[in-house]
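In the text below, chain A, chain B and the rest are named by the order of the sequence lines, each starting its count at 1. Just so we're clear, the structure is a prediction, and the values are computed from it rather than from any experiment.
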Amino acid sequence: MAEVPEVETLVRDLQQAVVGRRFTGAEVLVPQAVRFPAPREVSERLAGRRVLSARRRAKFMLLSLDDGQVLALHLMLWGNLALRPFSVVKPEATLVVFALEGGEELVFSDTLGYARMALAPAEELARRLKLDELGPEALSDDFAPEVLARQLRRRRGPLKTVLLNQRVFAGLGNRDADESLWSAGLHPRRVAGSLSPPELLRLYEGILEVLDEGVRLRGTQRDLFGVQGGARHHRNVFGRTGEPCPRCGERVRAGKLGGRNTHWCPTCQPEHEATQASTPVATGAPGSLLDEGTSRQ
DNA sequence: CGCTACCTGGGT
DNA sequence: ACCCAGGTAGCG
């Protein structure tokens, strides 16, 4: 599924294989996948347009076109984007197909059906998608511990929940947030604004480590050309409930935080005076006085 | 800031 | 049969 390393991988592939080429049209199979304009206008607005650039902002893929429009694609949870030779037969769960000159097509698909596209002149697109309201990018040369400090300062919510809010900080998804917190040795429920300078530095380094490795391995899913990424099994805590923590051997715990699956090592990521009381629901341990060792998936 | 809706395939 | 999923917008 799509977090920043997966989206970044696709964007790099788009830069290599799609930038400089022209769309010849588009076929909208699922009108709901088009936020704007009206679904039937998409093909006409794209036909003949050359792609000038591809970039990523948070988890949006943004293709700038030669008439000032921007095509935005968001994979949400399970979306996929693939470049392939034109074929009349469309893959399962195809939402929109973008035809390129030269007989290839970009297939935008999603079995869950949450993925969305949007197309509009740059300024309008930025306004309607609120791109200017997104927080600083983790994968940016400007990212620094002080940036993290500024964004977290005065936030009273749980650290992980705040880190997942792309308007505060753009770059982490559920998996990468858990992995970054494990790397930094910070409990997901720490009060976001309570981190000391050394803790902020550890978190900064953890985030960079997790994202850099994810990007280096080209994510966990297939790239634009269908090649499987190498990061699938590079997880320390996410989805490893009950397995030993790679650092200390303690069993990895799981629970819900802000409605999201959350995984952590109780030893490496200890509770703290500024850890919020309401525990991520220890799944299956209602009213748990059974704190020690009662984690499960 | 926290909750729900949005959808469907796959797992329990 | 039921529950859930790595994200986000929109609402109270």
Side-chain angles (χ1 to χ4, degrees), chain A residues 1-10 29-36 56-61 72-81 91-96 108-118 125 127-135 138 151-152 154-182 188-189 191-193 207 210-211 213-215 217 219-222 229 231-241 254-264 276 278 280-281 283-284 296-297:
Chain A
M1 301 169 198
E3 296 192 25
V4 160
E6 287 74 26
V7 178
E8 180 68 20
T9 297
L10 288 171
L29 295 136
V30 178
Q32 240 189 173
V34 183
R35 290 185 60 177
F36 53 84
R56 181 187 56 74
R57 182 72 174 100
K59 296 160 196 159
F60 287 98
M61 292 180 272
L73 303 174
H74 199 299
L75 300 175
M76 296 296 275
L77 294 185
W78 293 5
N80 187 44
L81 188 67
E92 203 60 25
T94 299
L95 305 174
V96 183
F108 184 50
S109 60
D110 181 9
T111 53
L112 228 186
Y114 290 178
R116 294 290 181 263
M117 65 150 283
L125 185 111
R127 178 171 47 78
R128 296 181 70 174
L129 297 184
K130 302 179 179 172
L131 297 182
D132 295 336
E133 297 175 29
L134 292 167
Q151 295 308 106
L152 298 183
R154 251 181 264 115
R155 303 242 168 210
R156 302 255 51 200
L159 180 55
K160 180 185 172 185
T161 305
V162 171
L163 288 172
L164 284 177
N165 183 344
Q166 305 297 299
R167 292 201 194 183
V168 176
F169 178 71
L172 292 180
N174 201 35
R175 172 199 66 210
D176 292 339
D178 280 4
E179 294 295 327
S180 297
L181 291 169
W182 178 83
R189 225 185 326 105
V191 173
I207 291 169
V210 167
L211 293 181
E213 183 182 62
V215 170
L217 296 172
T220 56
Q221 52 181 44
R222 292 180 186 282
R232 274 210 286 193
H233 306 297
H234 286 247
R235 295 172 180 182
N236 292 301
V237 287
F238 192 84
R240 298 192 61 247
T241 312
K256 290 273 189 186
L257 179 54
R260 313 301 304 277
N261 281 338
T262 297
H263 310 74
W264 75 102
Q276 292 171 346
S278 58
V281 180
T283 21
R296 318 166 25 265
Q297 74 126 339

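The side chain of A:Lys256 approaches C:dA5 more closely than any other nucleotide in the set C:dG7, C:dA5, C:dA9. When distances run from any side-chain atom of A:Arg35 to the nucleotides C:dG7, C:dA9, B:dG2, the shortest one goes to C:dA9. Which of C:dG7, B:dG2, C:dT8 sits closest to the side chain of A:Gln166 comes down to C:dT8. The nucleotide whose nearest atom lies closest to any side-chain atom of A:Asn261 is, among C:dA5, B:dC1, C:dT8, C:dA5. The side chain of A:Thr111 lies closest to B:dG9 when the candidates are B:dG9, C:dG7, B:dG2.
The distance between atom CE of A:Met61 and atom C1' of C:dT8, rounded to the nearest whole Å, is 15 Å. The separation between A:Glu3 atom CD and C:dA5 atom C1' is 12 Å, rounded to whole Å. When rounded to the nearest whole Å, the span between CZ of A:Phe169 and P of C:dG7 equals 14 Å. One atom, NZ of A:Lys59, and another, P of C:dA9, lie 10 Å apart when rounded to the nearest Å. What separates CG of A:Leu257 from P of B:dC3 is a distance of 10 Å, to the nearest Å. Remark: P of B:dC3 and CZ of A:Arg260 are 13 Å apart, rounded to the nearest angstrom. Protein atom CE of A:Met76 is 17 Å distant from nucleotide atom P of B:dG9, rounded to whole Å. Remark: P of B:dC6 and CG of A:Leu75 are 22 Å apart, rounded to the nearest angstrom.
A stacking contact between A:Trp78 and C:dA5 is absent: the pair does not combine a ring-centre distance of less than 5.5 Å to the base's six-membered ring with planes differing by less than 30°. For C:dT8, the base is not stacked against the aromatic ring of A:Tyr114, per a cut-off of 5.5 Å between centres and 30° between planes.
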Fill in: Intermediate values then yes/no, side chain to side chain contact (heavy atoms under 4.5 Å, CB included), A:Leu75 and A:Met61
CA-CA 9 Å; A:Leu75 300 175; A:Met61 292 180 272; 3.8 Å; yes
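Contact between the side-chain N/O atoms of A:Arg156 and the OP1/OP2 oxygens of B:dC1 is not found at any separation under 4.0 Å. Here A:Lys130 does not reach the OP1 or OP2 of C:dA9: none of its side-chain N or O atoms lies under 4.0 Å away. Proximity of A:His74 to the phosphate of C:dG7: no side-chain N or O atom is located under 4.0 Å from OP1 or OP2.
Looking at heavy-atom distances under 4.0 Å, A:Arg167 makes no contact with the nucleic acid at all.
Using a 4.5 Å cut-off on side-chain heavy atoms (C-beta onward), A:Val7 and A:Phe60 make no contact.
In this structure, A:Lys59 contributes its side chain and A:Gly171 its backbone to no donor-acceptor pair below 3.5 Å.
Between the side chains of A:Glu6 and A:Thr220, a donor-acceptor pair is found at a separation under 3.5 Å.
Just one residue in the list A:Thr241, A:Asn174, A:Leu181, A:Leu257 forms a side-chain contact (heavy atoms from CB on, under 4.5 Å) with A:His263, and that residue is A:Thr241.
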